[in-house]
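What follows is a short report on a single structure.
Only a predicted model underlies this, so the values are computations on that prediction, with no experimental measurement involved. Position 1 is the first residue of the sequence, and the numbers go up from there. Indexing begins at 1, ligand by ligand and atom by atom, following the structure's order. In what follows, every heavy atom counts, from backbone to side chain, and hydrogens, waters and symmetry copies are set aside.
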Amino acid sequence: MTLKTGDQYVEEMKKMRPNVYKWGELIEDVTTHPATKHHIKTVKTWYDNAFDPDKEAIYTTTSFLSGEKAHRWNTLMHTADDVAGNERMKRDGFHMRGSCMGPVCAGWTILNALYGTTYECDEEFGTKYHERVQNFMKFAEENALAMSGALTDAKGDRTKKPQAQENDDFYLHVKETKDDGIVLSGYKWQICGVVGSQYVIVMPTTGMSEGDEKYAVAAAIPRDAEGLTVVETRRPSDERAEEEGWDGIDGGITQSYLIFDDVFVPNEHVFMNGEIKYAGKVVSYFCDIYRAAIGGCVAGQGDVMIGAAVGMARANGLSRKVFNDKLVQMAINNETTFGGGLGAIYAGRQHPSGAWYPNTILAHTNKVHVAYLPKDTKLTCIEISGGITETGCIPSYKDMMSPIYGEKLLEGMKGAPGVDPEDRVKMARLVEWLCVGSGIPGCTQGGGSPDTAKMVVGLSTKWDELVDYARALAKVENPLREEKKK
Ligand SMILES: Cc1cc2nc3c(=O)[nH]c(=O)nc-3n(C[C@H](O)[C@H](O)[C@H](O)COP(=O)(O)OP(=O)(O)OC[C@H]3O[C@@H](n4cnc5c(N)ncnc54)[C@H](O)[C@@H]3O)c2cc1C
């Protein structure tokens, strides 16, 4: 198939075994349920973009593995341009739907990270994982799969290693190894876009040490596999997405908690099983790609915030110029993360396997900006837009349609002459959704905490080399080194 239309994608989602729950109830059809349909619609748009002459160059590419035209998220990122294509696609996707897209992001990134990791692992240990990853990537491309990616384990006591937790399930682990595959048990928490995925790609959340072997596991699992339960959690303002009229924003993510209860994975879909040395490696390659490309996500959402802020100012009767300084700062924030991502990508390196990995220190630096700058952008957006956009300050669609008081409510919403009060309210709802609601793309913790990124920057910085630059300029003979503590 290689390229799939949005309608084909939706039909396939309908056929999946129902295993997604919300509010304690099973969702029979994720394509129509109010809590999940907006997300499915968003993923559908990404598939349809392959057939739009204005978008196809962004959303498709030529597959390095097959030479065929394929959805970008089903391909190996083999060059810097491929990874930059990832970042540009994300920025465009946010323009269209306002929020992030798990099923066309994290699973793909994990497969790319595994591509180099398994290559090295096979060389050292004589394992056969790399061919399996290649085969699975070809399978994903041929079937135009939507794939979420699950790293984050429940983790329990953060000071303890997986093996020292009071409950094995706090980290996903191999409960049993059989001749034809493995049995998985445990929890993966806060995973984006599982509801809209056909496969979930799992990998370790952190480096592992001796004794942690059973937790060092990577694999591909159908989203509806027997034994896998998905608990959908998006809230609180996602209830908006379940509301009527202009209260429902036509976009958005899903976030899920995954409970693996004896899930069988056949050998051909197992990409790591016990190789602790490579758990940290795959995390590192994952972060290099993810923390570079996420600059496009927050820039894309920031672009929409600028548009919404200008729209609100004009609906309030004010010109863009009144807020020029603030708006320019918002644009600078966007371009900082976008440019930071591109810088990391183009300063990257080709791995001997053929995968392209962005520059580590630049990718992690970008992640820190991605964690903080969008908050500034959001606050400024609300500042420009007014109190109507702070959460809880817009009457609901139903109230405005009330035969008793609706007309007067709406009348009082009027701002600039010539602007329909309904349009002012719609724009305000969008600002609320983007800045304090579920439109937030998870830029602080998504892709890992800023502290872990800062740690990598700290470890990658050659402090003594920097001291030597200063010493040479200052003509200081003393090496000014710290004595290593015994
Ligand atoms: C919107 C969103 C989307 C996400 N999507 C995905 C996804 O698609 N796939 C996925 O796998 N994950 C996803 N995540 C999860 C995300 O990767 C994690 O939230 C993130 O890695 C942090 O883990 P945690 O939430 O368990 O934080 P915690 O581990 O609870 O950390 C909390 C804070 O404590 C610090 N900390 C933790 N342990 C220590 C320690 N031992 N010493 C010192 N400080 C410590 C951390 O740096 C952090 O600042 C998503 C998260 C969000 C918010």
Side-chain angles (χ1 to χ4, degrees), residues 39 43 73 90 94 98-111 113-114 146-162 164-165 170-172 186-197 199-209 215 217-221 223 230-238 251-258 260 279 282-284 286-287 289-291 293-294 297-298 301 364 367-368 370-372 374-375 378 433-434 436-459:
H39 172 66
V43 187
W73 59 89
K90 286 172 173 167
F94 269 79
S99 190
C100 86
M101 265 310 97
V104 289
C105 172
W108 171 38
T109 308
I110 294 179
L111 289 173
L114 281 167
M147 300 170 287
S148 51
L151 297 81
T152 309
D153 294 285
K155 291 191 287 198
D157 182 341
R158 269 59 175 166
T159 62
K160 293 191 174 130
K161 292 176 181 177
Q165 299 290 339
F170 288 173
Y171 283 77
L172 186 73
Y187 311 139
K188 287 284 188 189
W189 276 182
Q190 307 158 14
I191 312 303
C192 184
V194 175
V195 168
S197 310
Y199 269 79
V200 183
I201 316 296
V202 300
M203 63 168 262
T205 196
T206 184
M208 303 273 165
S209 44
Y215 308 97
V217 60
I221 298 134
R223 194 269 277 155
V230 179
V231 182
E232 173 49 27
T233 62
R234 253 181 359 147
R235 62 178 293 146
S237 55
D238 308 301
I253 60 173
T254 53
Q255 283 293 121
S256 299
Y257 278 47
L258 310 187
F260 291 78
V282 70
V283 173
S284 163
F286 175 89
C287 289
I289 303 171
Y290 195 89
R291 293 179 173 191
I294 197 173
C297 306
V298 293
Q301 200 189 39
H364 286 266
K367 164 68 213 193
V368 177
V370 161
Y372 300 124
K375 290 181 187 160
K378 285 176 206 309
W433 184 80
L434 291 168
V436 290
S438 64
I440 294 176
C443 48
T444 308
Q445 295 288 354
S449 74
D451 275 356
T452 57
K454 285 179 188 171
M455 191 178 74
V456 175
V457 174
L459 290 172

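- A cation-pi arrangement is found for Lys90 relative to Tyr290, the charged atom lying closer than 6.0 Å to the ring centre and inside a 45° cone about the ring normal.
- Residues Tyr215 and Pro204 form no side-chain contact, since every pair of their non-hydrogen atoms from C-beta on lies 4.5 Å or further apart.
- Residue contact annotation: Gly102 has no non-hydrogen atom under 4.0 Å from ligand 1.
- At under 3.5 Å, not a single nitrogen or oxygen of Asp153, backbone or side chain, sits near a nitrogen or oxygen of ligand 1.
- Between the Thr109 side chain and the Phe286 main chain, no donor and acceptor come within less than 3.5 Å of each other.
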Donor-acceptor pairs are to be reported for all side-chain atoms of residues 445-456 against protein atoms at under 3.5 Å, with residues two or more places apart or in another chain.
| residue | atom | partner | partner atom | Å |
| --- | --- | --- | --- | --- |
| Ser449 | OG | Thr452 | N | 3.3 |
| Thr452 | OG1 | Arg291 | NH2 | 3.3 |
| Thr452 | OG1 | Ser449 | O | 2.6 |
| Lys454 | NZ | Tyr372 | OH | 3.3 |

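- Within ligand 1, counting atoms from 1 as listed, the ones closer than 4.0 Å to a heavy atom of Ala150 are 11 (O).
- Of all the listed residues (Gln190, Gln445, Arg158), Gln190 holds the heavy atom that lies closest to atom 13 (C) of ligand 1.
- A distance-only check finds no donor-acceptor pair linking the side chain of Arg223 to the backbone of Ile221 [under 3.5 Å].
- Remark: ligand 1 and Thr159 share no N or O pair separated by less than 3.5 Å (distance only, no angle test).
- Contacts with ligand 1 closer than 4.0 Å are made by side-chain heavy atoms of Lys155 only, the backbone lying farther away.
- Proximity of a side-chain donor or acceptor of Glu232 to a complementary backbone N or O of Gln255 within less than 3.5 Å is detected.
- Backbone and side-chain nitrogen or oxygen atoms of Thr152 are examined, and one is located within less than 3.5 angstrom of a nitrogen or oxygen of ligand 1.
- Near Asp451, the atoms of ligand 1 lying under 4.0 angstrom from a non-hydrogen atom of the residue are 47 (O).
- In terms of polar-atom proximity, defined here as any N/O pair under 3.5 Å, Ile191 makes no such contact with ligand 1.
- Distances between N or O atoms of Thr452 and those of ligand 1 include no value under 3.5 Å.
- Taking a cut-off of under 4.0 Å to the non-hydrogen atoms of Leu151, the atoms of ligand 1 that pass are 10 (C), 11 (O).
- Without hydrogens or angle criteria, Asp157 side chain to Thr159 main chain gives a donor-acceptor distance under 3.5 Å.
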Inset, instruction - Would you check, one step at a time, whether the test side chain to side chain contact (heavy atoms under 4.5 Å, CB included) holds for Gln301 with Leu434? - result: CA-CA 8 Å; Gln301 200 189 39; Leu434 291 168; 3.5 Å; yes
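- Some N or O of Gly149 is nearer than 3.5 Å to an N or O of ligand 1, by distance alone.
- Of all atoms in ligand 1, listed by their number and element, those nearer than 4.0 Å to a heavy atom of Ser449 are 46 (C), 47 (O), 48 (C), 49 (O).
- Under the 30°/60° scheme for interplanar angles, the aromatic rings of Tyr187 and Phe170 are found to be tilted.
- Heavy-atom proximity to Gly448, at under 4.0 Å, picks out these atoms of ligand 1: 17 (O), 20 (C), 21 (O).
- Here Cys192 has heavy atoms under 4.0 Å from ligand 1 in both its backbone and its side chain.
- Between the Lys188 side chain and the Tyr171 main chain, no donor and acceptor come within less than 3.5 Å of each other.
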